[in-house]
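What you see is a predicted model, and the numbers here were worked out from it, not measured in a lab.
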Amino acid sequence: MNALASLAATALIGTERRPPEWPSQDGPLGELLAKITRDQPEKALLQTAGVLATCHLAGWLPTTIGQSTPVALDDVLQAAAAPTLLQTLSGILTDGPTRLQAEAFQKLAAANRTLPHRLLPKALDAGKRSTVLRPHLLPALGHRGTWLAAQNEAWAYAVGGGSESLDDEAWQNGSLDQRKLYLTALRPRDADRARALIAAALTTEGARERATFIECLSTALSLADQDLLETTLTDKSKEARQAALRLLSSLSGSRFMQRMAARLEPCLMMEKKFLRGTVITLEPPAVFVAEWKADLIEEAKPKGLEMGERAWWLLQLVRAVPLKWWEEKTSLKPIELIEWAKKSDWSEALLQGWAAAQSLQQRVEWAEAFLSTQIPQGSSLNVLDLLITLPLAIREKHFLRLLSAADAKQPGSMSALLNRFIDSIPLDSPSLSVDTANTLIQFLKRRVNSGEARHDWLLRTTLVELACIIPPAQFEDCAGGWDITKDDVQPFAEAIARVGIVLDQRKQLHSLGA
């Protein structure tokens, strides 16, 4: 128990029943504590706890007897010290959106600056709360930041400790979540070792654990994993089997995909017709082959599924075959294949199968093709799945079209779509293009200033998030032009004020290194 915790326990029990254990500290802190007179134990306890708690706010933890604190190395890079910038960074770390915090860390690192020392505890706490921030935070910590992180177990992630570290203790004795984090961290560094640990665990762990560990293979998935995945197709747990099936269906070049393609190939026929060119026809398997069960192809269709058995067999084959296979066999582009499928007697099975394959294989050409037509009903594919697949520039074009359609059809869904679109953009992505940002700003101003959005509570948060991704050229336009004098716009007054604050903070960040 450290000194602060010991004093807290004494305060709860009472100094008469439990005399305080006074901390023994070296250096300036020890000199300060020595000045506290102890003739009144209650007063002395509170004063001592106050000193230790103040140190704790700066990231320091009381040491136990016999421990010593190493000295921090001198930083190679200079800490940001301009008063205005320090105030800006403090505000961002206090209540700024996560995306803005990430940008602050990125700008500091790009300018060869580290975080001001007094802000390190706030920054490390932010990283503790949000794992997505950590890759952006670490380059801005400097030697002082990593030294400070080593003094507090809660910040161990910044020095390679904690449940996300490669400490074998987390794997041997940790909770399921800790073991999952361990494998996820290990896979990019040593995929073979992680695979070996999973293989061993599959022989001893329960069904839930086996399914969870198999899912961890999705990180750094490669053909080297296919033997273990194929073995798992016979696991007693349905969840583990299905997890292995999903990964094999997304693993290009796998034996599993090759077997599926070989089963599907006899179904696809191409015949050259006079004056009509090549005519493509499809005929699903007429009978179910028993050996298919080894690859988890189900003979009986699920209850409630309206398609017939042959269509059900076809769907299962289609969703496990590489989408590229269809392009190579037919010499058709994805959009042409979709149009061909719509005219087929087996359109439902084809389109649902392709949608399932796209959700796993994430092909840009197929994403664009599905966005240009109607997504098959009953499939697990959705608009955001497709948008995320696309490069940002192409994603913006399709998003604006979808946003306009959503607003015309159901205005309330517009802000939800916008919010999910912003969430889909990685924290290290560049800003939106000027044209897209301008279109969104004008679109939202019309909705807010006209009063149409007065009941759209989600849009208040979304406006602030949007301010984090617009390019500098649009800062002034985004900050002004909101008619908050209108009663219908008043509900947005706080959000608009926050937008202005975020934009001012971003201006300061963009001046770094200028």
Side-chain angles (χ1 to χ4, degrees), residues 131-132 134-135 160 164-168 170-171 176-205 208-235 237-264 294-297 316-328 353-367 380-381 385-386 388-391 426 428:
T131 57
V132 297
R134 295 176 186 178
E164 295 85 355
S165 74
L166 297 184
D167 181 2
D168 288 343
W171 172 252
L176 179 57
D177 285 340
Q178 288 174 322
R179 300 179 81 189
K180 179 180 177 181
L181 287 169
Y182 176 92
L183 289 172
T184 303
L186 179 61
R187 279 288 288 179
R189 309 180 194 187
D190 192 344
D192 292 341
R193 180 166 175 248
R195 188 187 315 110
L197 290 174
I198 294 171
L202 293 181
T203 64
T204 59
E205 301 292 340
R208 182 186 175 201
E209 287 78 9
R210 298 199 303 274
T212 299
F213 296 154
I214 286 295
E215 288 285 3
C216 291
L217 291 173
S218 62
T219 301
L221 182 67
S222 73
L223 290 176
D225 300 313
Q226 66 176 329
D227 288 343
L228 178 57
L229 290 171
E230 290 204 351
T231 299
T232 310
L233 292 177
T234 61
D235 194 280
S237 164
K238 181 179 180 180
E239 289 75 17
R241 295 196 304 269
Q242 292 298 324
L245 178 64
R246 285 193 296 273
L247 292 180
L248 285 169
S249 298
S250 65
L251 185 55
S252 179
S254 66
R255 295 188 299 267
F256 174 84
M257 278 190 163
Q258 292 171 12
R259 292 195 298 271
M260 291 298 199
R263 292 161 182 158
L264 187 58
D295 285 328
L296 302 190
I297 300 176
Q316 294 177 84
L317 293 174
V318 170
R319 71 188 181 190
V321 169
L323 292 167
K324 187 71 174 177
W325 181 87
W326 291 91
E327 299 170 53
E328 293 172 347
W354 286 338
Q358 170 61 19
S359 67
L360 293 171
Q361 299 171 31
Q362 298 190 350
R363 293 280 309 284
V364 171
E365 301 86 349
W366 282 83
S380 59
L381 201 63
D385 292 333
L386 298 171
I388 291 170
T389 306
L390 302 175
D428 57 354

Sequence neighbours left out, cut at 3.5 Å: what donor-acceptor pairs do the side chains of residues 212-220 make with other protein atoms?
{"unit_1": "T212", "atom_1": "OG1", "unit_2": "R208", "atom_2": "O", "d": "2.9"}
{"unit_1": "E215", "atom_1": "OE2", "unit_2": "R246", "atom_2": "NH2", "d": "2.4"}
{"unit_1": "S218", "atom_1": "OG", "unit_2": "E215", "atom_2": "O", "d": "2.8"}

Item checked: Residue that, paired with D235, satisfies side-chain hydrogen bond (donor to acceptor under 3.5 Å, both in side chains) out of R241, Q242, R210 -> R210
Item checked: Nearest atoms (heavy-atom pairs only) where T203 meets A200 -> OG1-O, 2.6 Å
Next item on the list: Starting at CD of Q361, measure out to CG of L323 and round the result to the nearest 0.5 Å.
Entry: 4.0 Å
Next item on the list: Working to the nearest 0.5 Å, report the span between CZ of R259 and CG of L317.
Entry: 12.0 Å
Notebook entry, point to check: Are L202 and L228 close enough that some pair of their side-chain heavy atoms sits under 4.5 Å apart?
Noted result: yes
Checklist line | Shortest non-hydrogen contact between A244 and L229, atoms and distance | finding: CB-O, 3.5 Å
Checklist line | Where L386 and Q358 come nearest, the two heavy atoms and their spacing | finding: CD2-CG, 4.0 Å
Notebook entry, point to check: Below 4.5 Å, heavy atoms only, C-beta onward: do L197 and L186 meet side chain to side chain?
Noted result: yes
Check: Got a salt bridge between D177 and K180, using NZ or NE/NH1/NH2 to carboxylate O under 4.0 Å?
Finding: no
Item checked: Atom of A367, atom of T389 and distance for their closest heavy-atom approach -> CB-CB, 4.0 Å
Notebook entry, point to check: Charged N to carboxylate O below 4.0 Å: is that the case for R255 and D227?
Noted result: yes
Item checked: E209/L176 under side chain to side chain contact (heavy atoms under 4.5 Å, CB included): CA gap, chis, key distance, verdict -> CA-CA 7 Å; E209 287 78 9; L176 179 57; 3.8 Å; yes
Item checked: Atom pair CZ/CG of R195 and D190 - distance to nearest 0.5 Å -> 9.0 Å
Notebook entry, point to check: Could you state the interatomic distance from NZ (K324) to CH2 (W366), rounded to the nearest 0.5 Å?
Noted result: 11.0 Å
Check: To the nearest 0.5 Å, how far apart are CG in L264 and CH2 in W326?
Finding: 4.5 Å
Note to self: Under a 3.5 Å distance rule, please check whether R319 uses its side chain to pair with a backbone N or O of A357 as donor and acceptor.
What the structure shows: no
Note to self: Please report the interatomic distance OG1(T232) to CD1(I198), rounded to the nearest 0.5 Å.
What the structure shows: 9.0 Å
Check: What is the minimum heavy-atom distance between S249 and L360, and which atoms define it?
Finding: CB-CD1, 3.6 Å
Next item on the list: Would you mind reporting whether L248 and Q226 have side-chain heavy atoms less than 4.5 Å apart?
Entry: yes
Check: Any idea which heavy atoms bring A243 and A211 closest together, and the distance?
Finding: CB-O, 4.3 Å
